[in-house]
Amino acid sequence: MTEIADELRIAVPAEAVRAALRDPALLARVIPDCESVEAIGPDRLRFVLATRAGFLTVRADVDARIVEPDERSLRLELDGRDRKSTRLN
């Protein structure tokens, strides 16, 4: 399993960030290569991401979990699996 850790500080009120991360329609518009996103439970989302690489389209199912360790921070944990790559017609 590959683990990537990064930190991002955003100069907006924390509640605005929390609301945005819980809005599937907003996330679908702002996440690159997002085909779909759906809420699958409290603080859980499922994405389908698709990227073209030459004549292939690579799709991945990604489950996301929003974790709030304290009132000043938020963590988004992602777990992704490749769907089978498909040839474009």
Side-chain angles (χ1 to χ4, degrees):
M1 177 165 107
T2 302
E3 186 172 322
I4 300 170
D6 202 353
E7 184 174 310
L8 176 67
R9 295 183 186 268
I10 302 172
V12 297
E15 286 310 311
V17 174
R18 285 181 172 82
L21 287 174
R22 288 178 174 86
D23 182 346
L26 174 74
L27 291 173
R29 290 192 312 266
V30 300
I31 294 177
D33 302 321
C34 183
E35 282 190 344
S36 67
V37 60
E38 65 176 312
I40 58 171
D43 297 327
R44 292 186 179 271
L45 301 160
R46 179 164 292 143
F47 299 89
V48 175
L49 304 178
T51 299
R52 287 188 177 178
F55 59 90
L56 296 175
T57 299
V58 179
R59 283 190 172 77
D61 294 313
V62 179
D63 290 340
R65 185 173 139 224
I66 301 167
V67 179
E68 298 186 57
D70 59 58
E71 65 185 40
R72 293 181 37 108
S73 61
L74 190 72
R75 185 172 62 238
L76 189 62
E77 295 178 347
L78 304 173
D79 179 33
R81 294 159 303 288
D82 177 34
R83 289 184 172 187
K84 293 182 181 179
S85 299
T86 56
R87 181 180 282 257
L88 295 175
N89 293 332

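The chain is numbered in sequence order, starting from 1.
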R46: which of I40, V62, D61 passes side-chain contact (heavy atoms from CB on, under 4.5 Å)
I40
What donor-acceptor contacts under 3.5 angstrom involve side-chain atoms of residues 23-33, with partners at least two apart or in another chain?
residue: D23; atom: OD1; partner: A25; partner atom: N; Å: 3.2
residue: D23; atom: OD1; partner: L26; partner atom: N; Å: 3.2
residue: D33; atom: OD2; partner: T51; partner atom: OG1; Å: 3.1

Common cluster, F47/V67, ILVMFWY with side-chain heavy-atom separation under 4.5 Å
no
For A50 against T57, the heavy-atom pair lying closest together
CB-CG2, 4.1 Å
Side chain to side chain donor-acceptor pair (under 3.5 Å) filter on E38, not counting sequence neighbours, yields none
Taking all non-hydrogen atoms of both residues into account, name the closest pair between R59 and D82 and its distance.
O-OD1, 2.9 Å
Could you give the distance from CZ (R65) to CG (L45), rounded to the nearest 0.5 Å?
12.5 Å
Spell out, yes or no, whether L21 and V48 are grouped together once hydrophobic residues are joined by side-chain heavy atoms under 4.5 Å, including indirect joins.
no
May I have the step-by-step check of side chain to side chain contact (heavy atoms under 4.5 Å, CB included) for R22 and D43, ending in yes or no?
CA-CA 7 Å; R22 288 178 174 86; D43 297 327; 2.7 Å; yes
